[in-house]
Number of protein chains: 2
Amino acid sequence: MPGRKAAERPGNTGRPVTINDVAQLAGVSVGTVSKALNGRGSLRAETRHRVLSAAEQLGFQPNRAAVALNSGRTYTVGMITTDTIGRFSIPLMMGAEDALGAGEMSVFLCDARDDPIREQYYLRTLLSRRVDGIIVTGRRTQARPPIGTGLPIPVVYAFISSTDPRDCSVVPDEAGGAHKAVDHLLAVGRRRIAHITGPEHHHSATVRATAATDRLAEAGLRLAGAPLFGEWSEAWGRQAAQLLLGANAEVDAVFCGSDQIARGVADALRAAGRRVPDDVALVGFDNWDVMALGCQPPLTSVDMELEKLGRTAADLLLAAINGEASPGRHTHPCRLVIRDSTAASSTPAPALDSAPGGS
Amino acid sequence: MPGRKAAERPGNTGRPVTINDVAQLAGVSVGTVSKALNGRGSLRAETRHRVLSAAEQLGFQPNRAAVALNSGRTYTVGMITTDTIGRFSIPLMMGAEDALGAGEMSVFLCDARDDPIREQYYLRTLLSRRVDGIIVTGRRTQARPPIGTGLPIPVVYAFISSTDPRDCSVVPDEAGGAHKAVDHLLAVGRRRIAHITGPEHHHSATVRATAATDRLAEAGLRLAGAPLFGEWSEAWGRQAAQLLLGANAEVDAVFCGSDQIARGVADALRAAGRRVPDDVALVGFDNWDVMALGCQPPLTSVDMELEKLGRTAADLLLAAINGEASPGRHTHPCRLVIRDSTAASSTPAPALDSAPGGS
DNA sequence: ATGAAAGCGCTAACAC
DNA sequence: GTGTTAGCGCTTTCAT
């Protein structure tokens with residue numbers, strides 16, 4: 001009964017189908033089967049066809065462990081993430097997994113949960129499994145010590161980077177993203193721009209704050225007050241916005257270090273009777289859909305394009321596996337996504353913006 | 001130089017260290033090395049020690065492909081998710097990965113992206129890699145057709161379930177969760193409870209709505225109006241809240257099908273001058289931290305405990321791999337997380353709740 | 001054009 | 001207590 005699944009066929013032993021079974025059914029030797037299946041050597045068309053249909057009929061799937069054993073390649077890579085919660089690593093992983101899948105690579109998922117012990121455990125596991133390469137991802141863009149030295153396989157750091165400049169890292173151009181945000185605010189006519197962001201000890205916060213300050217300086221302007229460092233939370237956004245309202249009513253734009261902060265700012269501004277974007281334009285960072293779109297009004301935001309970044313990391317890893325390593329720090333541009341929170345104030349349409357919930 | 005990493009040692013060939021290298025360095029045969037490393041057979045303590053330190057010195061890691069080849073077991077499982085964006089599958093995966101890691105299992109990550117073709121591709125890949133089992137996860141709790149029939153390895157469905165009742169599925173007890181939400185609202189003295197939720201064709205929406213209605217009926221009450229089916233979005237929450245305000249000012253609680261919806265409802269109520277929880281108590285679903293905590297006030301919500309659910313699924317899979325299958329549909333209880341949005345209205349503290357952003 | 005056989009790294013059965 | 005060897009499933013010479 002050729003149409004049936006292998007495991008349903010009467011007489012099926014439960015044992016996986018091997019190349020031997022195929023050889024027997026096709027009436028040839030295993031060597032011939034191997035050639036037929038891999039399109040190597042020279043075979044009569046008829047023989048090749050006979051083998052292929054036998055394999056088909058048995059539902060034969062080559063045992064990759066055996067292939068790995070004599071090729072030395074497993075067509076497998078490890079992905080180690082230090083990020084438990086996954087907000088940043090998920091798109092990275094998905095992008096990488098997609099790019100690797102196209103190269104017939106399977107991905108081992110390793111969640112190190114910010115624990116160096118777990119990390120080393122996973123590293124050993126992956127080496128034992130003879131993965132062809134490793135991608136290391138994490139929640140922060142700050143450089144971190146290499147996961148290992150003198151490893152026999154290539155490693156690519158994605159989002160995070162390695163402190164060793166010879167290592168291959170792919171990182172978002174956060175400074176460039178901040179530049180785009182500031183440029184956009186200037187372009188829509190804003191001049192008194194404040195900056196609210198995360199903790200000062202957080203790499204992304206300082207990079208983005210510095211970049212924003214520098215860009216304004218290039219335009220002959222200064223930030224409206226020092227950057228407000230706090231937490232990556234809506235609550236901090238609300239709190240900081242109130243500080244701003246208390247101290248300086250002249251601000252006509254706020255560039256925020258994250259969408260969560262921006263959303264808190266939007267809520268606080270609205271509660272205080274300030275209109276966004278008419279009175280104050282708002283730009284976030286991350287382009288986190290649920291925040292940027294849930295915000296009233298929808299938020300202009302800097303997108304780090306993490307999925308693309310993951311894809312790039314995977315491509316660099318594949319190249320390195322094939323002997324074409326690209327050592328060093330590779331930056332990946334950010335993209336500014338413009339939404340209503342920075343709509344040009346030259347054409348205000350107050351009545352339309354104010355009741356988004358109406359049915 | 002014993003302290004050095006294997007790959008840095010002078011004379012290192014780049015070739016992975018095998019059991020042969022260890023045998024040679026220890027001056028014994030490969031069989032002896034195998035016994036020493038796996039604690040089998042009987043060896044002199046001195047010999048065992050000599051082997052272990054040789055292995056240590058060379059940084060030996062057994063080639064898992066070889067182990068797999070003659071044990072037939074790969075200590076590997078596949079995790080197929082149909083969920084691209086990952087909101088639900090991430091905690092599931094993390095829980096499962098954690099539980100499997102404890103069993104020395106590595107996890108292949110497969111993102112099928114809602115594409116049946118990709119799903120079957122991954123299934124073939126996993127079978128070819130001879131995984132010991134498969135976990136299938138997805139974004140919706142609705143039953144889906146089995147991923148394959150007569151498969152040679154156990155499959156466990158997590159969050160989603162299989163339409164075949166003989167398959168092993170682990171699903172959240174959404175109805176139970178809805179019961180807890182309603183019970184809690186009744187316990188804090190609410191009697192006119194409305195329900196706003198996602199699309200009517202969405203399994204979770206109807207299950208939760210039905211369960212809420214039933215529970216109220218058991219208490220001799222009725223839902224305040226028919227369930228409002230719409231979208232899983234904040235915008236719909238806002239819109240539905242306005243419908244509610246227009247039609248029926250007497251509602252003293254809203255049970256929402258998701259935290260996103262609840263958050264939209266909270267915003268709309270506040271904008272309309274209604275106080276939460278004083279005038280209207282609010283319960284969400286999902287306990288999605290960023291929504292539940294970002295909401296003003298923080299949201300009481302039903303937590304499906306997806307990480308635990310993933311862990312349970314992994315444990316069931318491990319058991320099935322060891323020959324102790326647990327066919328059928330296993331439900332996993334939900335947990336109600338109580339926050340300010342349902343604080344008992346008998347002790348109102350209006351002044352404190354209204355300015356959470358104050359510094 | 002096809003078959004036979006060695007070998008990838010490891011484990012286990014058996015010999016000594 | 002330790003060494004030798006067959007064999008897991010597959011690929012790849014090398015004969016024929």
Side-chain angles (χ1 to χ4, degrees), chain A residues 6 13-52 54-55 58-76 104 127-132 152, chain B residues 6 13-52 54-55 58-76 104 127-132 152:
Chain A
T13 60
R15 177 180 54 73
V17 179
T18 74
I19 203 173
N20 267 294
D21 303 323
V22 178
Q24 211 167 334
L25 179 58
V28 296
S29 74
V30 291
T32 304
V33 173
S34 176
K35 286 166 203 156
L37 259 39
N38 298 299
R40 263 185 274 279
S42 51
L43 301 178
R44 266 191 313 176
E46 195 274 329
T47 309
R48 168 157 294 152
H49 186 263
R50 194 146 37 87
V51 170
L52 290 178
L58 295 172
F60 170 74
Q61 294 286 106
N63 184 329
R64 304 298 297 264
V67 176
L69 196 53
N70 55 30
S71 71
R73 284 206 45 186
T74 55
Y75 292 91
T76 281
E104 303 277 88
L127 291 176
S128 181
R129 291 193 184 274
R130 301 289 190 272
V131 295
D132 297 331
Chain B
T13 60
R15 176 181 54 73
V17 180
T18 74
I19 203 173
N20 267 295
D21 303 323
V22 178
Q24 211 168 332
L25 179 59
V28 296
S29 74
V30 290
T32 304
V33 173
S34 176
K35 287 167 202 156
L37 259 38
N38 297 300
R40 265 185 273 279
S42 50
L43 301 178
R44 265 189 315 175
E46 196 273 329
T47 309
R48 167 158 294 151
H49 186 262
R50 195 146 37 87
V51 171
L52 290 178
L58 294 173
F60 171 74
Q61 294 287 107
N63 184 329
R64 304 298 297 265
V67 176
L69 195 53
N70 55 28
S71 71
R73 283 205 46 185
T74 54
Y75 292 90
T76 281
E104 303 276 270
L127 291 176
S128 180
R129 291 194 183 273
R130 300 291 190 269
V131 295
D132 297 331

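Here the structure is a predicted model, which is why all the values come from computation and not from measurement.
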Exercise. How do A:Gly41 and B:Val67 order along DNA chain C: which one's closest nucleotide is nearer the 5' end?
Worked result: A:Gly41
Problem set entry | Nearest-nucleotide comparison on DNA chain C, the residue closer to the 5′ end among A:Val30 and A:Glu46 |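 Looking at the nearest nucleotide for each, A:Glu46 comes out on the 5' side.
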For this session: Return the angle between end axes of the helix from C:dA1-D:dT16 to C:dC16-D:dG1, with five pairs used per end and rounding to 10°.
Result: 50°
Problem set entry | Shortest non-hydrogen separation from A:Arg130 to B:Pro16 and the atoms involved |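 For A:Arg130 versus B:Pro16, the nearest heavy atoms are NE-CB, 3.7 Å.
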Contact class for [X] vs. all strands (heavy atom < 4.0 Å): base, sugar-phosphate, or nothing?
| X | result |
| --- | --- |
| B:Ser71 | nothing |
| B:Thr18 | sugar-phosphate |
| B:Val33 | nothing |

Seminar exercise, completed: Closest to the 5' end of DNA chain D, once B:Leu43 and A:Pro62 are matched to their nearest nucleotides, is B:Leu43
What's the [atom1]-[atom2] distance between [X] and [N], to the nearest Å?
| X | N | atom1 | atom2 | result |
| --- | --- | --- | --- | --- |
| A:Arg44 | C:dA1 | CZ | P | 9 Å |
| B:Arg73 | C:dT11 | CZ | P | 15 Å |
| B:Asn70 | C:dC8 | CG | P | 15 Å |
| A:His49 | C:dA1 | NE2 | P | 18 Å |
| B:Leu58 | C:dG9 | CG | P | 14 Å |

Problem set entry | A:Leu69 side chain, from C-beta outward: closest of C:dC10, C:dT11, C:dG9 |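 Comparing C:dC10, C:dT11, C:dG9 against the side chain of A:Leu69, the answer is C:dG9.
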Problem set entry | Nearest to side-chain heavy atoms of A:Lys35, which nucleotide of C:dT2, C:dT11, C:dG7 | C:dT2
Problem set entry | Range on DNA chain D touched by chain B, heavy atoms, distance below 4.0 Å |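 It runs D:dG1 to D:dG9.
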Exercise. For A:Arg129 and B:Thr76, does a side-chain donor sit closer than 3.5 Å to a side-chain acceptor?
Worked result: yes
Exercise. For atom CD of A:Gln24, is the number of surrounding heavy atoms from other residues, nucleotides or ligands below 6.0 Å larger than 12?
Worked result: no
Exercise. Under the side chain to side chain contact (heavy atoms under 4.5 Å, CB included) criterion, do A:Val22 and A:Leu25 qualify, and how do the steps go?
Worked result: CA-CA 5 Å; A:Val22 178; A:Leu25 179 58; 5.9 Å; no
